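Presented below is the structure to which this report refers.
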Amino acid sequence: METAGTTQNNKDQEAGLFLASFIEFNTKERVENMPELPEVENVRNGLKQLIVGKRITGARVLWPNIIKDPSVTEFKQRIEGQEIKDIRRRGKFLLFVLSRDVLISHLRMEGKYRLEGPEVPLTKHTHVIFELDSKEELRYLDVRKFGKMSLVEKADLDEHPSMRSLGPEPTDDTLETIYLIKALKKTERPVKACLLDQKIVAGIGNIYADEILYDAYIHPERKGKELNEDEIKRLRDSIISIMNRAVEKGGTTIRTYANAYGAEGSYQECLAVYGRTEEVCPRCQHTIRKIKVGQRGTHYCPQCQKAGRE
DNA sequence: CAAGAGGCCTGTTAGC
DNA sequence: TGCTAACAGGCCTCTT
């Protein structure tokens with residue numbers, strides 16, 4: 001793992017953009033930042049100020065598996081010369097709107113972008129480099145190499161496999177109660193798994209799924225079909241309010257490198273259960289527990305979130 | 001069709 | 001102490 005203070009390149013990191021993040025809660029539990037919707041939104045805002053209007057003069061791909069489609073050769077050829085017109089977001093996907101194409105970028109667990117001068121040495125986790133006409137480089141770093149990029153024509157964006165099956169954004173305008181009732185009422189899956197399913201709602205990851213269920217007083221293992229309409233209504237409200245609040249706070253970042261735009265988030269101060277295993281529930285003083293639900297680490301309060309009714 | 005398993009990766013950690 | 005093996009995690013692909 002990288003550390004913030006290693007003297008030599010510390011200055012460089014602070015000078016460039018490092019919308020990044022490692023989360024360190026306490027000595028018991030350390031979790032790396034997995035960018036969910038609020039974190040991606042934060043990255044989007046930072047990048048927007050820094051690179052919109054600049055032109056990509058070339059691309060270097062050091063780890064080919066990051067590029068999902070088209071082929072690496074075509075990817076590099078096509079992106080060259082295109083101007084960055086806008087940066088958008090859909091779910092957890094970052095969308096670089098270019099002159100002709102859209103670059104779809106998913107950070108997965110640890111992907112991050114840095115804007116640096118070419119003289120700044122590459123780290124071993126740098127996998128893709130976009131050279132800009134401003135003489136800077138937009139660099140993609142990813143310790144796990146899990147992130148993916150696709151380049152598609154604008155007209156084909158909605159039909160791209162990554163976009164096509166995404167559910168609605170978790171906002172008041174787009175996530176309807178009726179829709180959520182329909183989606184949950186027909187499934188045996190635990191509600192936690194449903195929240196993580198991007199086809200049902202886009203943008204929720206492991207941190208906010210736990211926070212949402214806590215906020216809604218719903219046990220993560222309850223099956224979708226056994227939730228009543230009032231509970232699903234409550235769940236919908238929690239989805240929207242938690243995600244809105246997290247976006248306002250700039251997402252969750254426990255420890256971050258400084259950057260010129262102060263893009264680190266502060267939602268970690270609001271986390272009630274995530275990363276707080278064996279701590280005291282802020283509502284009822286019961287002990288927060290960690291279990292596994294659908295292969296995922298899950299934090300909840302056994303007192304506030306009963307497995308039975310409520 | 002829905003749902004679960006496997007694969008992608010590597011730093012960290014549990015277990016010997 | 002030093003080593004290996006298991007694990008985490010989001011999404012896609014394959015299988016059932």
Side-chain angles (χ1 to χ4, degrees), chain A residues 1-4 6 20-41 43 61-70 72 89-95 104-112 123-128 140-150 152 159-167 170 182-212 220-226 243 251-255 274-275 277 290-299:
Chain A
M1 147 169 148
E2 299 175 64
T3 48
T6 43
S21 16
F22 289 91
I23 304 185
E24 195 157 353
F25 290 107
N26 53 46
T27 48
K28 272 182 285 183
E29 188 166 12
R30 193 176 77 260
V31 184
E32 289 145 353
N33 193 7
M34 306 152 264
E36 304 181 31
L37 185 155
E39 291 73 31
V40 178
E41 183 65 17
V43 171
V61 177
L62 280 41
W63 189 262
N65 284 357
I66 301 284
I67 311 300
K68 198 166 80 169
D69 55 87
V72 173
R89 181 194 57 73
R90 176 78 172 93
K92 304 177 197 172
F93 291 89
L94 206 48
L95 306 174
I104 305 173
S105 170
H106 198 299
L107 308 173
R108 295 289 176 95
M109 266 90 81
E110 299 186 45
K112 51 200 72 126
T123 80
K124 63 171 177 173
H125 300 309
T126 306
H127 306 309
V128 182
Y140 178 75
L141 291 80
D142 191 339
V143 172
R144 292 281 188 280
K145 300 177 177 172
F146 261 29
K148 294 285 176 232
M149 294 182 193
S150 296
V152 293
E159 288 312 307
H160 189 272
S162 298
M163 298 289 113
R164 203 176 43 210
S165 53
L166 283 181
K182 273 188 190 158
L184 295 182
K185 275 293 182 188
K186 65 178 183 192
T187 182
E188 296 267 353
R189 300 165 74 198
V191 60
K192 161 95 186 238
C194 298
L195 289 182
L196 293 176
D197 185 343
Q198 303 298 300
K199 293 196 277 297
I200 298 178
V201 184
I204 302 171
N206 208 37
I207 296 176
Y208 297 112
D210 287 359
E211 294 299 312
I212 288 163
E221 286 180 306
R222 293 187 59 200
K223 293 175 180 178
K225 65 191 311 185
E226 60 182 54
M243 297 307 269
T252 301
T253 318
I254 301 299
R255 183 153 58 90
Y274 188 85
T277 315
K290 184 172 183 180
I291 57 173
K292 269 224 155 61
V293 181
Q295 346 271 25
R296 299 287 145 74
T298 300
H299 312 72

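All values below come from the heavy atoms of this structure, side chains included, with hydrogens, waters and symmetry mates left out. Naming convention: chains lettered A, B, ... in sequence-line order (proteins, then strands); numbering from 1 in each chain. Keep in mind that this is a model prediction, so the values were computed, not measured.
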Requested in this report: Nearest whole angstrom, please: distance from the C1' of dA2(B) to the CG of D197(A).
Outcome: 10 Å
Query raised in the report: With a 4.0 Å cut-off on heavy atoms, is R296(A) in touch with a base, just the backbone sugar-phosphate, or nothing at all?
Result: base
Query raised in the report: If you look at every strand shown and take non-hydrogen atoms under 4.0 Å, does N206(A) touch a base, only sugar-phosphate, or nothing?
Result: sugar-phosphate
Query - Residue-phosphate contact under 4.0 Å: S162(A) side-chain N/O, dC12(C) OP1/OP2 - result: yes
Query - Heavy-atom side-chain contact between V43(A) and P35(A) under 4.5 Å - result: no
Query raised in the report: Between K225(A) and E188(A), is there a salt bridge with N-O shorter than 4.0 Å?
Result: yes
Query raised in the report: When we call it a touch if two heavy atoms are under 4.0 Å apart, what does K124(A) touch: a base, just sugar-phosphate, or nothing?
Result: sugar-phosphate
Report summary line: Looking only at dC12(C), dG10(C), dA3(B), the nucleotide nearest the F93(A) side chain is dC12(C)
Report task. State, to the nearest 10°, the angle formed by the axis through the first five base pairs of the helix from dA2(B)-dT16(C) to dC16(B)-dG2(C) and the axis through its last five. Result -> 60°
**Report entry** Separation of dG10(C) C1' from I200(A) CD1 (nearest whole Å)
**Finding:** 15 Å
Query - Nucleotide dC12(C), atom C1' - distance to CD1 of I67(A) in whole Å - result: 16 Å
Query raised in the report: Counting just side-chain N and O atoms, does H106(A) come under 4.0 Å of either OP1 or OP2 of dG10(C)?
Result: no
Requested in this report: Rounded off to whole Å, could you give me the CD-to-P distance for the Q198(A) and dA3(B) pair?
Outcome: 16 Å
Query raised in the report: Quick one: is K292(A) getting a side-chain N or O under 4.0 Å of the dA8(C) phosphate, OP1 or OP2?
Result: yes
Report task. Ignoring hydrogens and angles, tell me if any N or O in the side chain of E211(A) forms a donor-acceptor pair with the backbone of N206(A) under 3.5 Å. Result -> no
Query - Phosphate OP1/OP2 of dA2(B): any T187(A) side-chain N/O under 4.0 Å - result: no
Query raised in the report: Once you round it to whole Å, what is the distance between P of dT12(B) and CD of E110(A)?
Result: 9 Å
Query raised in the report: What is the distance from CE of M163(A) to C1' of dC12(C), rounded to the nearest Å?
Result: 13 Å
Query raised in the report: When you measure from the side chain of H125(A), which nucleotide among dC12(C), dC11(C), dG11(B) comes out closest?
Result: dG11(B)
Query - K68(A) and S162(A) side chains, donor-acceptor separation under 3.5 Å - result: yes
Report task. Look at the aromatic rings of H127(A) and Y140(A) and report parallel, tilted or perpendicular, splitting at 30° and 60°. Result -> tilted
Query raised in the report: Looking for any heavy atom pair under 4.0 Å, which part of the strands does G294(A) touch: base, sugar-phosphate only, or nothing?
Result: nothing
Protein-nucleotides 5-9 of chain B N/O pairs closer than 3.5 Å?
residue, atom, partner, partner atom, Å
dA5(B), OP2, Q295(A), NE2, 2.9
dC9(B), OP1, W63(A), NE1, 3.4
dC9(B), OP1, N65(A), ND2, 2.3

Query raised in the report: Once you round it to whole Å, what is the distance between C1' of dC1(B) and NZ of K182(A)?
Result: 18 Å
Query raised in the report: Who passes salt bridge (charged side-chain N to carboxylate O under 4.0 Å, His left out) against D142(A), sequence neighbours left out?
Result: none
Query raised in the report: What heavy-atom pair brings D210(A) and K192(A) nearest, and what distance separates the two atoms?
Result: OD1-NZ, 2.7 Å
